[in-house]
Amino acid sequence: MPKRTDLKTILIIGSGPIVIGQACEFDYSGTQAVKALKEEGYRVVLVNSNPATIMTDPELADATYIEPITSTFIEKIIIKENPDAILPTMGGQTALNAAMDLHNKGILEKYGIELIGAKVDSIRKAESRELFHKAMNKIGLEVSKGEFVKNSEDAKRFLDTTGFPIIIRPSFTLGGTGGGIAYNIEEFEVIVNKGLDASPIREVLVEESLLGWKEFELEVMRDVNDNFVVICSIENFDPMGVHTGDSITVAPSQTLSDRQYQQLRDASKKIISEIGVETGGSNIQFAVNPDNGRIVVIEMNPRVSRSSALASKATGFPIAKIAAKLAVGYTLDEIPNDITKTTPSCFEPVIDYVVVKIPRWDFDKFRSTNPDNDVLGVQMKSVGEVMSFGRNFREAFQKAIRSLENGRAGLGSDGKDLYSYEYLGNLGESDRENLKNKILTKLKTPRSDNIFHIRYAYLLGADTEEIFVSTKIDKWFLNQIKEIVETEIELRTYKFS
Amino acid sequence: MFEGKNFGYDGNTTGEVVFNTALTGYQEIITDPSYYGQIVTLTYPLIGNYGINDSDIESDKIQVKGLVVGNYENDWSNFNGLESLNDYLRKNKITAITGIDTRALTKIIRSEGAMRGLITKENLSEKNYLSKIKDSPQMTGSDLVQYVTAKQNYTLKSEKVKKKIAVYDFGIKKNILRELLKYDTELIVFNAKTPANELLGLKPDGVFLSNGPGDPDAVKYAIENVKIISSSGIPVFGICLGHQIIALAHGARTYKLKFGHRGANHPVKNHRQNSIEITSQNHGFAVDEKTINADELEITHTNLYDGTNEGLRHKKLPVMSVQYHPEASPGPNDSKYLFDEFINLINKFS
């Protein structure tokens with residue numbers, strides 16, 4: 001299908017200020033989208049409250065507005081510029097929320113403006129927990145099990161179907177006060193009762209915990225003809241429980257067989273069709289039980305995301321650019337591949353290298369008296385990230401650590417270690433055992449510096465199994481770190497002559 | 001010449017060196033009989049990560065003659081894994097080599113074409129290496145089907161049986177049989193040299209022609225048998241080598257591709273539905289579209305990478321075929337509908 005000629009002016013919504021949790025990746029995608037649409041001859045209007053971006057450079061869009069990203073201001077821009085369509089999928093959650101607000105206030109309807117890239121219904125289905133769960137059930141995919149209960153008996157009955165750990169969230173309390181994770185029956189009873197008391201309607205949501213499961217993401221695209229491609233699979237080094245933005249991630253996935261990977265691919269194809277993203281890219285996240293391979297769908301973002309910026313750079317496939325062209329009616333086979341120029345974009349990139357992303361934290365700048373300031377959890381804390389390429393994981397991992405610009409030259413032995421090699425080597429047997437156990441205990445909590453402590457654990461004689469029990473990081477990744485440590489030990493046996 | 005480290009079996013091996021670009025699926029690849037006689041280079045550099053399991057086997061043993069990888073990873077991790085790739089190769093006496101710059105090797109194959117090679121620990125002169133390579137069999141003109149077809153015919157059945165399908169085994173992948181068994185079928189699997197009349201004498205509802213290794217034009221007996229079978233009016237479905245044999249039986253020609261199609265990401269255009277499928281591919285020969293008789297055969301599928309033929313359908317007879325692998329294993333499941341279409345043909349014509 002050729003591009004749409006009924007559209008003349010398209011408004012792109014940017015992502016606003018750079019904040020923790022939403023960084024400059026949306027400047028990258030927004031800039032690509034502006035260029036792609038201008039290349040097709042559309043008049044592009046841009047709104048972004050952040051002037052410190054590439055996309056707001058005056059020569060890029062036909063008209064650029066540095067205004068707050070709210071429906072009030074966007075309506076004024078609409079009156080002035082009279083756009084035919086709005087592309088809301090390039091500016092992260094900020095842009096998607098603004099678009100939904102414009103719809104809810106009837107502004108889109110009033111001025112006859114179409115949302116392209118993602119429709120209102122698709123955004124709603126993807127963002128509402130209830131609608132999303134319903135959609136997943138309809139296509140036979142699992143989501144995490146959960147039930148609203150009004151007493152501890154019902155809570156226990158649900159517990160029997162899931163086991164520990166289990167998450168308890170009281171209904172209608174601010175910031176989830178009174179909730180928590182229970183690891184045993186005593187904790188469970190306490191938290192459930194506390195939660196029931198805290199809830200104004202004496203109701204809690206008991207939910208199966210996916211803590212410690214393996215986490216995967218697929219970056220996918222779909223066009224109006226229902227052509228579907230996976231651009232990149234990403235495996236999280238850190239297990240479920242650590243926000244993807246705070247996780248070390250690896251592309252492509254490393255520890256899935258083809259059959260297991262194809263299950264995720266098939267599921268993604270069903271999800272993007274069911275949610276109804278017809279023209280663009282999406283990010284779909286899965287948890288996989290490391291013991292039996294059970295797959296649970298976590299969420300779907302019907303827009304370009306932090307991970308699509310990573311996937312674009314990892315594979316050379318310009319997701320935002322292609323997504324913008326799909327939004328104006330092209331199909332994947334009509335858009336030439338950016339790298340080869342002669343073959344179409346309707347293909348799945350394969351790579352012959354490994355890509356590792358490591359988040360960069362700045363806990364020094366955000367000083368706190370809280371010793372758990374750098375504990376990683378469901379709220380993202382990193383301020384940026386590095387990515388590196390290697391012909392194997394160890395190479396890419398070491399390069400990434402070195403690129404963090406936090407003074408480290410690699411995994412260790414750079415004179416910056418908390419425990420030097422000599423110190424660890426000179427410990428007496430009981431001190432050694434004590435320190436090993438202390439480190440294994442520390443590793444139970446995800447923290448920004450855990451990779452260095454995994455090295456100390458190996459140097460102190462811990463084995464992969466012990467470290468796995470503490471961290472739930474897949475043994476494949478742990479063994480890769482072990483190989484780095486073994487290489488270090490080997491190198492130390494050589495002498496300059 | 002590339003230097004690396006031996007893993008798997010410790011011994012010399014020769015074969016046609018080809019490359020596969022799939023990111024996952026090494027177990028399926030090395031057990032696929034279509035790779036008989038070949039040394040397979042995997043372009044994805046980390047191999048061995050998830051070990052070997054008992055479900056992703058495409059035949060009873062490893063079929064490749066050798067395996068070339070960038071980084072063999074012996075410490076595997078997967079909930080289905082049973083043993084390491086190294087142990088599996090050793091048990092099957094298959095030589096492999098790691099530490100190879102597979103990107104450089106692949107570039108050579110891409111520019112010079114697939115060629116015979118040798119994996120060895122022997123320290124010889126270049127001339128002696130080359131003479132060993134020249135002594136190994138050539139791919140063009142070789143009937144390799146005879147080495148991988150079932151020695152004895154055998155039967156497989158679904159729980160319920162509604163249709164009987166005769167299968168010519170040219171080196172069939174197990175996942176094709178698994179797919180066909182999903183349709184309440186009885187599958188009678190025949191040795192490739194079984195005469196067509198013997199097969200038709202059992203009154204099957206349809207005939208399936210499998211994938212297989214080597215030069216399709218060298219498998220003369222199969223081409224002759226397929227002429228008889230397709231003209232009998234019985235529904236026929238061919239995959240890969242089966243597709244090439246159907247084309248040859250209807251007067252088209254095949255030729256050797258420079259470096260073949262081996263991977264799990266090839267976009268194929270389905271002309272009938274105007275849609276695109278991402279397909280699993282493994283073939284070194286292709287059907288020459290210029291030689292297809294347009295009165296008899298319709299071109300149903302085309303590869304979007306290089307425009308080569310990927311599928312045919314007879315205009316009068318219930319005969320259909322594809323060059324790629326709808327059974328996946330490894331690769332995407334986008335094309336499983338072809339099995340539906342075959343069963344629909346059977347339901348219509350029997």
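Proteins get letters first, then strands, A, B, ... in listed order; numbering begins at 1 in each.
By the side-chain hydrogen bond (donor to acceptor under 3.5 Å, both in side chains) test, B:Ser158 is found to be paired with no residue, residues two or more places apart in sequence or in another chain being considered. By the side chain to side chain contact (heavy atoms under 4.5 Å, CB included) test, B:Glu112 is found to be paired with B:Ile108, B:Met115, residues two or more places apart in sequence or in another chain being considered. Qualifying side chain to side chain contact (heavy atoms under 4.5 Å, CB included) partners for A:Pro349, counting only residues two or more places apart in sequence or in other chains: A:Ile231, A:Thr315, A:Phe317, A:Phe347.
Only the side chain of A:Val288 comes within less than 4.5 Å of a heavy atom in chain B; its backbone stays farther off. The parts of B:Asp56 that come within reach of chain A are both its backbone and its side chain, each placing non-hydrogen atoms under 4.5 angstrom from that chain. If you measure heavy-atom distances from B:Asp306 to chain A, you find no contacts under 4.5 Å at all. Using a 4.5 Å cut-off between heavy atoms, B:Glu28 touches chain A through its side chain atoms alone. Neither the backbone nor the side chain of A:Asn337 comes within contact range of chain B, judged by heavy atoms closer than 4.5 Å. Of the atoms belonging to B:Leu46, it is side-chain heavy atoms, and not backbone ones, that fall under 4.5 Å from chain A. For a residue to count as touching a neighbouring chain, one of its non-hydrogen atoms must lie under 4.5 Å from one of that chain's; by this rule A:Asp333 touches chain B with backbone and side chain alike. If you measure heavy-atom distances from A:Asp266 to chain B, the contacts under 4.5 Å come from the side chain alone. Within the 4.5 angstrom heavy-atom criterion, no atom of B:Gln27 approaches chain A. With a 4.5 angstrom heavy-atom cutoff, A:Tyr353 touches chain B via backbone and side-chain atoms both. If you measure heavy-atom distances from A:Arg259 to chain B, the contacts under 4.5 Å come from both the backbone and the side chain. Looking at A:Lys269, only its side chain comes within 4.5 Å of chain B, counting heavy atoms on both sides.
When the candidates B:Thr102, B:Asn265, B:Asn53 are compared by the number of heavy-atom contacts under 4.5 Å with chain A, B:Asn265 comes out ahead. Top candidate by heavy-atom pairs under 4.5 Å with chain B, chosen from A:Gln254, A:Lys475, A:Gln480, is A:Gln254. Listed options B:Thr43, B:Asn78, B:Asn49 were ranked by heavy-atom pairs under 4.5 angstrom with chain A; first place goes to B:Asn49. Counting heavy-atom pairs under 4.5 Å between each of A:Leu256, A:Asp223, A:Leu478 and chain B puts A:Leu256 at the top. Top candidate by heavy-atom pairs under 4.5 Å with chain A, chosen from B:Pro267, B:Pro332, B:Gly51, B:Ser329, is B:Pro332.
Judged purely by atom type and a 3.5 angstrom limit, A:Gln398 uses its side chain to pair as donor or acceptor with the backbone of A:Leu411. Remark: side-chain polar atoms of A:Asn479 are not paired, donor with acceptor, to backbone N or O of B:Asp75 under 3.5 angstrom. Not a single donor-acceptor pair under 3.5 Å links the side chain of B:Asn92 to the backbone N or O of B:Ile94. With hydrogens and angles ignored, the 3.5 Å screen pairs a side-chain donor or acceptor of B:Thr98 with a backbone N or O of B:Tyr72. Using modelled atom types, no side-chain atom of B:Asn74 and backbone atom of B:Asn86 make a donor-acceptor pair closer than 3.5 Å.
Under the 4.5 Å side-chain criterion, counting only non-hydrogen atoms from C-beta, A:Met221 is in contact with A:Ile319. Between B:Leu85 and B:Val69 there is no side-chain heavy-atom pair separated by less than 4.5 Å. Here the side chains of B:Ser34 and B:His283 are not in contact, with every heavy-atom distance at 4.5 Å or above.
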Q.
A:Phe477 vs A:Phe393, test: ring pair (Phe, Tyr, Trp, His ring centres under 6.0 Å). Steps then yes/no.
A. CA-CA 9 Å; A:Phe477 293 113; A:Phe393 174 80; 5.4 Å; yes

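A distance below 6.0 Å separates the ring centres of B:His266 and B:Tyr305.
Remark: A:Lys3 is not positioned above the aromatic ring of A:Tyr330, lacking an NZ or CZ atom under 6.0 angstrom from the ring centre and at most 45 degrees off the axis.
Of residues 17-26 of chain B, those residues lying under 4.5 Å from chain A by any heavy-atom pair are B:Thr21, B:Leu23, B:Thr24, B:Gly25.
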